[in-house]
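Report on one structure; see the data block that follows.
Below, read A as the first sequence line, B as the second, and so on, with proteins coming before strands; counting in each chain starts at 1. What you are looking at is a predicted structure, and each value in this text was computed from that prediction instead of being measured.
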Protein chains: 2
Amino acid sequence: MLSYTEENYLKALLKITFENGSNEAGTNELANTLVVKPATVNDMLKKLKEKELVEYEKYGKITLTSEGRSNAIEVLRKHRLWETFLYEKFDFSWDEVHEVAEQLEHIQSTKLIDKLEKFLDYPEFDPHGDPIPNKKGEIKVHFKKTLADVGVGNSCRMVAVKDNSSSFLQYVVKVGLGINNEIKVLSRQEYDALLVIEVNGQLSSVSQKFAENIFVVCQNCIIGKPCSKIKCEIS
Amino acid sequence: MLSYTEENYLKALLKITFENGSNEAGTNELANTLVVKPATVNDMLKKLKEKELVEYEKYGKITLTSEGRSNAIEVLRKHRLWETFLYEKFDFSWDEVHEVAEQLEHIQSTKLIDKLEKFLDYPEFDPHGDPIPNKKGEIKVHFKKTLADVGVGNSCRMVAVKDNSSSFLQYVVKVGLGINNEIKVLSRQEYDALLVIEVNGQLSSVSQKFAENIFVVCQNCIIGKPCSKIKCEIS
DNA sequence: TTTATTTGTTAGGCAAGCCTAACTTGTATA
DNA sequence: TATACAAGTTAGGCTTGCCTAACAAATAAA
């Protein structure tokens, strides 16, 4: 049985290795993600190595073992199922679900999670558009591009966000955006890539940074199928 | 913000004082309930006193302050709402709900609990028949008698159990009993008060100890209204 | 009322997770 | 290649929540 803290370390490692597009992570990187000091991470790494959940040598890189990885995926699965539940059944807004799901993801009960999944009718994506691992730990590989990649005059549909910070999510809502909303790119400033977009008739200017955090599919794409060369490697 | 452990101490105090029919508890008693050593309880009592959640002097009795009590009731409310949820929506059996609810009761989110309550349509009693405190912390006073109080030849309806141990609950199921089932008392042995009861046509012999742990209402009673002089003082 | 037993307290210790401060190793840059 | 900076490590310390062992107080029994 893993502690709440151990689960969070594994989950953070999964997140980092996914974002890096490799299967390696560093001590500082992990410390930043978890908002603790590198020294603390070092202690924990010894424990996780002892339990054969990570591979790791002094001054080397950290990788998840397959045991560690499957534990991390299980936590991710719970997190995303709970997010979906809160969003769909309890009218939580899009930017509220994360915080509560952070707590719920640590509840230990296989039966509960299986029932939850069934109750939600086996969803494949959470409210942020991220794929939900199935019971076997399989994750749909998800090909995505961002709003920053869409050409002027073209339309796309939002499927997910990259940044889950509350400030970002609130901004997204302010712009009038939500999952499955259509976005039309009206112009792009040469100098700083500032975009003017249209969402449900509402015009907004958004920065490049903002646009890079909005995952989209183009008009002929289907969620879960390739829609560009930009591969979002979750699995 | 209270820790998981602090919440459990307060909840245990509420339970003990309820069972004692007084508002006092002792160190050993609390240690037994929480399955820790008295010395550990002593440490925690100092902390809870510091936080003004309990009143307590050296070698004296422990009582909850109104602040401590309302915290404890909040935990109890969450516990019972989650039990109801698991039982009604996720097909958990009667004896499975407790363990998972023990974890869920510590999730911090007022919105979540309010939505949960609404989702369940403001239930007044949990699957064990125990009253669910409302948002203000009010608990329906519940007058109950037990199966041991029912006269030979009379019928009653089960509304709750006193003992929540898994072994007891499994035994209850084995006898064919569940909430709202009608029980007919066919005979009572003079010597040891052994009862023969009939539930859905099934005859069983049950001990006095067993019978004392089954709360019932008699035929003309309504749950939540007095049905005997035996008062079950939860509030 | 004296003694035995139960109940409660104190002191000192341990593991988990966190910290700071000082150090070492690795790597990028002049 | 020398050096400076970033990344990682170690040592020692803190809090929380638990423990055991020894002791003190209260209560029940003789």
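With respect to the salt-bridge test (charged N to carboxylate O, under 4.0 angstrom), the residues K51(A) and E67(A) do not qualify.
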N/O-N/O pairs, protein side and nucleotides 4-9 of chain C side, under 3.5 Å:
unit_1, atom_1, unit_2, atom_2, d
dG8(C), OP1, T27(B), N, 3.3
dG8(C), OP2, T27(B), N, 3.4
dG8(C), OP2, N28(B), N, 2.6
dG8(C), OP2, N28(B), ND2, 3.3
dT9(C), OP1, Y56(B), OH, 2.4
dT9(C), OP1, Y59(B), N, 2.8
dT9(C), OP2, T27(B), OG1, 3.3
dT9(C), OP2, N42(B), ND2, 2.1
dT9(C), OP2, Y56(B), OH, 2.8
dT9(C), O5', N42(B), ND2, 3.2

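Not a single salt bridge (Lys or Arg N to Asp or Glu O under 4.0 Å) links K89(A) to another residue, sequence neighbours left out. N134(A) meets the side chain to side chain donor-acceptor pair (under 3.5 Å) test with E138(A); sequence neighbours excluded. Y171(B) is linked by a ring pair (Phe, Tyr, Trp, His ring centres under 6.0 Å) to F210(B), counting only residues two or more places apart in sequence or in another chain. Remark: S205(B) engages L194(B), V196(B) in a side-chain contact (heavy atoms from CB on, under 4.5 Å) (not counting sequence neighbours).
Rounded to an integer number of Å, the gap from E6(A) CD to dA15(C) P is 15 Å. Atoms CD (E50(A)) and C1' (dA15(C)) sit 15 Å apart, rounded to a whole Å. Put simply, CG on L30(A) is 14 Å from P on dA7(D), counting in whole angstrom units. Rounding to whole angstrom units, CG of residue N8(A) and C1' of dA16(C) are separated by 14 Å. Distance CG (D43(A)) to P (dT9(D)): 11 Å, rounded to an integer number of Å. Nucleotide dT10(D) holds its P atom 17 Å from the CE atom of M44(A), rounded to whole Å. As a whole-Å value, the separation of K37(A) NZ from dT10(D) C1' is 17 Å.
Counting only residues at least two apart or in different chains, side-chain hydrogen bond (donor to acceptor under 3.5 Å, both in side chains) contacts with residues 26-46 of chain B comprise N20(B)-E29(B).
Distances were taken from every side-chain heavy atom of T5(B) (C-beta onward) to each of dC18(C), dC19(D), dC18(D); the shortest belongs to dC18(D).
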